[in-house]
Amino acid sequence: MGNPHILAIPYPAQGHVLPLMEFSQRLVIKHGFMVTFVNTEYNHKRVVNAMAEKNHLGDQIHLVSIPDGLDPWEDRTDLGKLSEAIFRVMPRKLEELIEDVNRSEGDHITCVVTDFSMGWALEVAEKMKIPRAAFWPASSATLALIFNIPKLIDSGIINSDGTTTKSQLIHLAPNMPTMSTTNFVWSCVGDLTSQKIIFEVIVKNNNYLKAADWLLCNSSSDLEPAAFGMAPEIIPIGPLLASNRGQNSAGHFWQEDTACLEWLDQQPRRSVVYVAFGSFTVFDQTQFQELALGLELSNRPFLWVVRPDITQGTSYAYPAGFLERVAGRGRLVGWAPQQKVLGHPSIACFLSHCGWNSTIEGVSSGVPFLCWPYFADQPSNESYICDVWKVGLKFNRDERSGIVTQGEIKKKVDKLLCDENFKARALDLQEMAANNVKEGGCSDKNLNNFVEWLKA
Ligand code: UDP
């Protein structure tokens, strides 16, 4: 038998494709595996178009695609609709793909590694008698919450459709993030119909998990001891980051603007506020303009990622004269090489939406945070950052307008950067995360155990 051949299938979102691609690269570079990486057709085109060098992944990662069940022009930010389409079309397409690969010359698929949110792929693999693993690209705390859904229903905290009538704060265990019932991962995604569909999908995925031989998580036991203690079946193998290997991450949907690294080279050490909201967050015009004015008022250098689709509607407008006034100290990019940016010595702090990837990237770079969560697991990641690890500050919204004002932005930037304790704790946390992934660390050992199981 040749080297193991993994089929990796991420959920079709940027924050899921990047970590599973990193995982795949580890298996290829360190262990010589083959990987067939299955994106949806829609995302496959984006990934291929955004790659600066078309073959930089080498021959051992084969990028392929299957349809997601929506037409090319349909709205993929409607997650309820996307989930229904995926269920309708992808299982059959995946089975056909595996049959095709196994019929061809190369090695047969020896293991399917699927994102937890594509749990149906575990069922496909089981039916085809292929060993299988689930990959969870977010915090163990969020997965522990999902495992606790039956208890939450029994105790009346949520209804059987995931909705809740009473807003309350819960702690699954001491030293775990505070979670608000109105901000549960399924209850702040789209409208009520979407929320109910997503909840159903999560419950289904929980059941599919019974078919998994492994449940791997891109986190570490030292970052989340209480969560891993509650759910020992979740195996930490992270934080898996390309920056830990000194390499570029792969699988981006937008082309990275690497020129901003040269701009960072020219800024004083620990001076720049890095501002990025991941791949999904959108702003209304008022909040977008207030953020711009807040960065201006902070009077520090800043690097701000303004994705082409960051505002609701088709175009974004900066406040009058803003671009001219900040030209000397502000840099705007459409998509940054984020891991490299965070590791740059000129970065002072990370103003972030607290997606899990951004969270572990900031932690692994020893950078303190300003937290601006939007939805899904972001509020609970914010709680990790501010309440548990104490390496960041939250923004308060103006009671009347509901926005984060420019004054609040300036106040929190100053507060964070004038208190050295935040940086000191961030450096301690960085070391802890690094120890987990270095040779012999807990996450490293777990990943090696998985590799040995694959080879057996
Ligand atoms: N990212 C990037 N460049 C950017 C903004 C984000 O490479 O300008 C990457 C970031 O490093 C992270 C991912 O996109 O790996 C976003 O994932 P996250 O979980 O933080 O947020 P999501 O996009 O899922 O909301």
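Read the numbers this way: they start at 1 and go in the same order the structure lists the ligands and their atoms.
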For this session: Just let me know how R307 lines up against ligand 1, side chain, backbone, both or neither, with a heavy-atom cut-off below 4.0 Å.
Result: neither
For this session: May I ask you to list the atoms of ligand 1 that are less than 4.0 angstrom from any heavy atom of W356?
Result: 19 (O)
Exercise. Out of L342, L303, L18, N248, whose heavy atom sits nearest atom 13 (C) of ligand 1?
Worked result: L18
Problem set entry | Proximity of N357 to ligand 1 by residue part, where a heavy atom lies under 4.0 Å | both
Exercise. Is any side-chain heavy atom of C260 closer than 4.5 Å to a side-chain heavy atom of V341?
Worked result: yes
Problem set entry | atom 24 (O) of ligand 1 - nearest protein heavy atom and its distance | G15 CA, 3.6 Å
Exercise. Which residue owns the protein heavy atom closest to atom 1 (N) of ligand 1, what's the atom, and how far is it?
Worked result: W335 CZ2, 3.2 Å
Exercise. Any heavy atom of E361 sitting closer than 4.0 Å to ligand 1?
Worked result: yes
Exercise. Which atoms from ligand 1 have a heavy atom of G278 less than 4.0 Å away?
Worked result: 23 (O)
Problem set entry | Y42 six-ring centre to R76 NZ/CZ under 6.0 Å and within 45° of normal | yes
For this session: Give the numbers and elements of all ligand 1 atoms closer than 4.0 Å to a heavy atom of G355.
Result: 18 (P), 19 (O), 20 (O), 21 (O)
Exercise. Cation over ring, K390 on Y384, under 6.0 Å and within 45°?
Worked result: no
Exercise. To the nearest 0.1 Å, how far is atom 20 (O) of ligand 1 from its closest protein heavy atom, and which atom is that?
Worked result: S358 OG, 2.6 Å
Problem set entry | Check: Q338 N/O within less than 3.5 Å of ligand 1 N/O | yes
Exercise. With a 6.0 Å cut-off on ring centres, are W372 and F277 close enough?
Worked result: yes
Exercise. Among protein heavy atoms, which lies nearest atom 7 (O) of ligand 1, and at what distance?
Worked result: H252 CE1, 3.1 Å
Exercise. Does F184 reach the side chain of M179, with side-chain heavy atoms less than 4.5 Å apart?
Worked result: yes
Problem set entry | CA sep, side-chain torsions, deciding dist, call: K412, E408, salt bridge (Lys or Arg N to Asp or Glu O under 4.0 Å) | CA-CA 6 Å; K412 292 291 161 68; E408 170 71 2; 2.6 Å; yes
For this session: Measure from NZ or CZ of R397 to the centre of the six-membered ring of F395 and say whether it is under 6.0 Å with the direction within 45° of the ring axis.
Result: no
Exercise. Mind checking whether H353 has a heavy atom under 4.0 Å from ligand 1?
Worked result: yes
Problem set entry | Within-cut-off N or O pair, A336 and ligand 1, under 3.5 Å | yes
For this session: Could you tell me which atoms of ligand 1, counted from 1 in the order shown, lie closer than 4.0 angstrom to a heavy atom of V305?
Result: 8 (O)
Exercise. To the nearest 0.1 Å, how far is atom 23 (O) of ligand 1 from its closest protein heavy atom, and which atom is that?
Worked result: S279 OG, 2.4 Å
Problem set entry | Side-chain touch S346/R270, heavy atoms, less than 4.5 angstrom | no
Exercise. Short question: side chain of S352, backbone of C354 - any donor-acceptor pair under 3.5 Å?
Worked result: yes
Exercise. Do we get R331 above W304's six-membered ring, with its NZ or CZ under 6.0 Å from the centre and within 45° of the axis?
Worked result: no
